[in-house]
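Here is the structure we will look at, set down as structure tokens.
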Amino acid sequence: MVRTMYAVVRGKHLLGALACCLALAVPIGVACVSAGASPPAAAAAANTNWGLSFQENGKTPIGNASADFLRQYDAYYAGGTEEKVIYLTFDAGYENGYTPSILDTLKKHDVKAAFFVVGNYIQTAPDLVKRMAAEGHIVANHTYHHPDMSKISDKAAFQGELQQLEDLYRETTGQEMPKFYRPPQGKYSEENLKQAKELGYTTVFWSLAYVDWYVDDQPTREEAFGKLLPRIHPGAVVLLHSTSETNAAILDELLTKWEEAGYRFGTLEELCA
């Protein structure tokens, strides 16, 4: 999820977004080396901004850390390419009215997604969090305060961000939070990956997203489909923001188009199996 700052204006939470996701180290759509190439582990370890380069539509993009490098820390950004499977995820920093529609559409298509939530979301939308869990979706850890975790080297402080959210989720739902973690802003360090693994967490990045987080500058339907349809690929971990009006409006048609293209939807447990 993009870095989010919460301000109360006229009683509503507004999104102040600082660009992240695909607008990181590499601009969207910049060609790179072939999809089979991988950056060296040393370079990947030093880079703390998750970024992607799309070399060819329909193929897994190149991350700034290789799949092999990430896997040693139980971290993933895409699944295998042998089968047309999509792993659908949403980042949820706050609720602005679109999640009920998103959940209705997921139920219609019998799709189980993962929602990466922060403390603010559980506090202000507990009924929606309970609904997510009740309908079989994964409610996962996006940290309590949504900080830049790559700046946190102290293990106790790192653990505290995850533990506070776990505790709040348990108090709210009576359930244990699944052990999936997404770094806020896509910022990470190799030490973070180690710490998350030691805490029993799987770190989940993404292989397909688009600029959907500016609530006052939403992409058009055509712009959204222009990014999400040609770039879908087998094993894609798709990141959408539940705050997006466009996402809520197009989701039924989007899922239908992906299904018509021969894709099915998997879960994060399947991704990491």
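Since this is a predicted model, take the numbers as computed values, not measurements. Side-chain atoms are counted along with the backbone in the values below, which use heavy atoms only and exclude waters and symmetry mates.
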Is it the case that the side chain of Glu95 and the backbone of Thr99 share a donor-acceptor pair, with hydrogens and angles ignored and the cut-off at 3.5 Å? yes
Regarding Lys179 and Asp74, does a basic nitrogen lie under 4.0 Å from an acidic carboxylate oxygen? no
Using the salt bridge (charged side-chain N to carboxylate O under 4.0 Å, His left out) rule, take Lys257 and Asp252 through it: C-alpha gap first, then chi angles, then the decisive distance, then the call. CA-CA 9 Å; Lys257 288 180 179 295; Asp252 187 14; over 6 Å; no
How about Phe205 and Tyr188: are their ring centroids closer than 6.0 Å? yes
Work out which heavy atom in Val129 is nearest to a heavy atom in Tyr169; give both atom names and the distance. CG1-CE1, 3.8 Å
Under the criterion side chain to side chain donor-acceptor pair (under 3.5 Å), which of Trp213, Tyr98, Tyr210 is the partner of Asn247? Tyr210
Using distance alone, with no hydrogens and no angle criterion, decide if Thr81 and His233 have a side-chain donor and acceptor under 3.5 Å apart. no
So which atom in Pro184 and which in Met149 form the shortest heavy-atom distance, rounded to 0.1 Å? CD-CG, 3.8 Å
Over all atoms of both residues, closest heavy-atom pair of Leu165 and Val117: CD2-O, 3.2 Å
Are a donor atom and an acceptor atom from the side chains of Glu166 and Gln163 found within less than 3.5 Å of each other? yes
Donor-acceptor pair, side chain of Tyr77 and main chain of Pro61, under 3.5 angstrom: yes
Can you label the angle between the Phe265 ring and the Trp258 ring as parallel, tilted or perpendicular, going by 30° and 60°? tilted
Can you check whether Leu208's main-chain N or O pairs, donor with acceptor, with Lys227's side chain at less than 3.5 Å? no
Using a strict 4.0 Å threshold on nitrogen-to-oxygen distance, state whether Lys112 and Glu135 make a salt bridge. no
With a 3.5 Å cut-off and no angle check, do the side chains of Arg182 and Thr143 form a donor-acceptor pair? no
Please confirm whether the backbone N or O of His241 pairs with a side-chain atom of Asp212, one donor and one acceptor, at under 3.5 Å? yes
Gln72 versus Asp68, side-chain donor and acceptor atoms under 3.5 Å: no
Check Glu253 with Arg221, please: is the shortest side-chain N to carboxylate O separation under 4.0 Å? yes
Consider only side-chain N and O atoms of Gln123 and Tyr144, and report whether a donor and an acceptor are under 3.5 Å apart. yes
